[in-house]
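Everything below concerns the one structure shown next.
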Amino acid sequence: MAAALTQERVQPRETSTTKKPKSLLRSIVRNRVLLLMCLPAILFFVVFSYAPMPGAWIAFTNFNYRDGIFGSPFVGLRNFEFLIQSGQLWLLTKNTVLYNLAFIVLGNFLQIAIAIMLNEVRSKYFKKISQAVMFLPYFISVVLIGVIAFNLLNYDTGYVNALITQTGGDPIKIYSIAGAWPIIIILFQLWQSTGYGSIVYFAAIMGIDNSLFEAAAIDGASAWQRIRYVILPSLKPTFIILLLFSLGGIMNGNFGLFWNLVGNNAALFQTTDIIETSVYRMIISQNNFTSSTAVGLYQSLFGFALVMLANWIVRKINEDYALF
Amino acid sequence: MRKPLARVAAATLALGMSAATLAACGPAGDEAESGEPTEITMLVLGDKPTNGRLEAMLEELNPILTEQANATLDFFYVEWADWQTQYNTQLLSGDDNVDLITTATDWLFAWENAEKGAFLPLSEEMLQEYAPRTWEQVDAEGHWELTKLDDGQIYFIPEDNFTQWTNHGFFYRGDWATEAGFEDGTITKFEDFTTYFKWVKENKPKAYPWDVSLSIDAALTGYLQGHTDFQTIQGISAGNYFPFQTTEADPYTVTSWYMEGDELVEAAELAKEWNDIGVWREDALNYDGQTREQFFAGLSGADQHHAQTFIGTIVDNMNKKQPGSDPKFFYWGLENGNYFRDILTHGAMAVNATSANPEKALEVYDVLRNDEEAYKLLNFGIEGTDYVMTDDGKLGYPEGYDSSTDALGSNFWAGRMDEFEPDRVTDAPNKQEIYDQLDAGAKDYPYSTLIVNKDLIDPTLAAMGGVLSEYIPQLQYGKFEDPAAAVAEMRQKLMDAGYEDARESIQTDLDAWAETQG
């Protein structure tokens with residue numbers, strides 16, 4: 001990843017300093033293979049991210065099919081009033097951001113910890129098997145996770161409540177306790193994503209120059225010191241890049257997970273409703289394209305501002321780690 | 001759903017591209033008249049059948065359509081998963097690949113979509129020329145009036161010659177009700193279900209008294225309808241809810257049963273009592289199992305849906321799977337006669353505004369609706385393999401036919417005709433008796449021709465829908481410790497969402513409509 005970034009940063013400079021005419025064409029010809037390799041990604045973003053952008057205009061119209069996206073009457077910010085009128089904007093923003101912060105902080109911490117522990121394990125088979133076992137949940141569909149959760153947690157026949165009643169306790173109405181769900185959702189998210197995420201850090205550890213470890217060994221570093229002074233500092237660039245990416249997505253929720261765990265259970269919305277689930281219900285049950293576009297636009301703008309801010313902060317700290 | 005905006009726009013783009021490509025390949029309109037048959041695509045609701053029976057049927061139906069209209073028929077399915085979104089997105093996309101669109105004013109957003117320009121306005125001349133039989137039959141009964149917007153144009157063709165009852169209620173077991181102490185096992189009051197449910201809870205430990213999921217306001221609606229004279233104004237929905245009513249006593253004043261009166265609190269308190277008894281699963285809000293199957297398996301004491309389901313599905317299944325269970329139907333408003341005949345636009349057919357062949361589409365529709373041979377193929381399939389006629393003239397099914405895997409799935413719900421519909425062997429034996437009883441007490445929906453301009457109140461309705469979707473399911477399942485306080489809180493939030501503005505706006509439209517009614 002670092003190599004790719006360097007490539008990107010070097011390339012434009014090279015072309016801009018070359019003053020000869022047709023230099024752009026020449027550089028395209030020279031780099032044709034690399035550019036060709038980029039093409040699918042470029043196409044993907046053009047088709048799915050840039051081409052639909054003008055559609056955001058829907059958010060400012062009283063949309064109807066006959067007049068289309070740009071012919072429908074312009075209503076200014078009226079659709080945004082709904083966001084405030086419904087009283088949900090603050091709640092949704094708060095829930096979305098807090099969940100993501102919890103995922104990012106706890107997720108990265110666990111991923112790094114697990115990557116380091118895997119690295120310290122000497123038994124090859126134990127390492128492979130535990131890696132595979134932690135990796136597997138990533139491939140389980142969130143629909144199944146929703147079903148698993150319901151079978152574990154439901155009141156009448158759930159495994160957890162069966163355990164409680166078997167041991168003489170009173171069953172708990174878990175699906176009515178809003179306060180419990182942030183913990184449940186975070187646990188399921190970590191369970192699903194930690195194994196996968198740790199692979200990236202594990203690969204980064206593998207990539208650390210062996211001479212550093214040898215030098216540390218010669219200096220008599222303990223295992224703990226090796227982690228503290230060699231591994232962790234080497235992971236810093238990876239960590240910062242991953243953090244930046246995840247900060248940019250802080251306004252995006254893991255829709256599938258939330259929807260499958262909570263669904264339409266209004267009793268839990270206070271602590272579990274995020275922008276995605278709210279928008280989804282709005283389209284599903286209210287046929288309301290304008291308001292949902294408005295929410296989508298709000299989410300995108302907020303996310304954009306966050307990416308810029310995060311990048312600016314990183315640039316202040318260490319310019320080399322900034323994305324742009 | 002990560003980027004709903006991007007998704008919708010991308011879908012629009014993709015559909016637009018494919019439509020353009022297809023249009024380029026298709027035959028030009030003029031040539032089609034005399035040359036190759038035009039393919040007409042009909043949008044229907046339901047899961048696309050994969051058993052090959054639909055294709056086999058089309059092979060027999062298409063020659064008839066080619067002969068009579070020089071056209072062939074194809075289907076486009078909006079499947080049940082997320083059908084509300086799929087349906088509206090499909091119309092939003094302006095896809096000109098679909099010609100005929102199944103719609104309805106009470107459950108398929110017909111007025112909204114007509115207002116938003118998804119449907120082609122149908123001129124009288126056009127209908128007379130290309131769908132003459134349909135025109136005549138609907139015109140004779142004066143039913144075109146039911147399909148016009150305030151611009152005076154016809155936007156869809158009503159399924160106005162087909163008897164059906166879609167008023168909701170409880171299905172329950174007469175055998176259990178008898179044991180619970182009800183005479184003839186017949187329950188006649190909504191509150192009496194408390195006795196029935198208690199009896200089931202105590203005497204049938206394996207069964208839930210009413211295993212229910214997702215039917216999110218039935219327990220409240222059932223009570224409200226039977227204890228008030230509120231009449232719901234169709235077509236003004238806030239999310240899944242219909243929050244605007246009038247009363248029979250005062251039919252020209254817009255009000256809301258969610259806002260006025262003590263009955264909502266009473267209903268919510270009854271629901272709480274039922275929840276405390278354990279009538280449904282504690283986690284009903286998150287449960288999404290097939291509760292009807294539970295009813296058929298004797299594991300639920302009740303089920304909830306409309307009269308048509310009772311007559312067509314429940315009686316037959318219960319008699320086969322729970323012999324002696326004596327299934328019965330308690331419909332909302334039975335106590336006080338506060339229930340309505342079906343509106344005639346519960347099913348309707350519209351022509352896509354962007355259809356390349358609207359005239360052809362009407363010609364095809366006219367054949368499907370009025371030609372008996374074509375009608376039977378479309379609705380019942382091929383005689384002998386999809387259905388058989390019994391000696392006493394009833395429609396039955398061949399040996400080994402399993403409706404769950406062998407269904408034809410043509411789902412033509414926009415122009416069925418009583419005169420072509422035989423009784424079915426699976427119908428309840430007392431079907432006519434049930435119809436007669438329903439008909440004797442029912443009221444006609446008074447506002448079939450009322451059109452409400454929702455442009456100005458759409459954001460308010462959306463906000464109200466948000467509030468209702470938070471409170472109503474919890475009230476329905478008795479999840480609030482203090483229902484009265486929750487109702488008060490909900491009413492305050494609905495006020496904040498702009499209930500009074502919306503009510504006044506609808507009142508203005510109702511006043512204008514009342515004047516035209518004289």
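A note on names: the letters A, B, ... follow the listed sequences, proteins ahead of strands, and every chain is numbered from 1.
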Per-residue contact mode, A:I174 against chain B (heavy atom under 4.5 angstrom):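 Contact with chain B: none, neither part.
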Is A:V262 close to chain B through its backbone or its side chain, or both, or neither, when contacts mean heavy atoms under 4.5 Å?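 Backbone only.
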How are the rings of A:Y138 and A:Y196 set relative to one another: parallel (under 30°), tilted (30 to 60°) or perpendicular (over 60°)?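 Ring orientation, 0 to 90° scale: parallel.
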Given a strict heavy-atom distance threshold of 4.5 Å, which part of B:Y241 is in contact with chain A: side chain, backbone, both, or neither?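 Neither part, no heavy atoms under 4.5 Å.
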Measuring only between side-chain heavy atoms, which start at C-beta, is B:D211 closer than 4.5 Å to B:R281?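 Counting from C-beta outward, B:D211 and B:R281 do come under 4.5 Å.
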Single hit among A:L153, A:L152, A:L268, A:I177 for side-chain contact (heavy atoms from CB on, under 4.5 Å) with A:I184: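 Output: one option passes, namely A:L153.
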Do A:Y99 and A:T272 meet the criterion of a side-chain donor-acceptor pair at a distance under 3.5 Å?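 On atom types as modelled, these side chains do not qualify, holding no pair under 3.5 Å.
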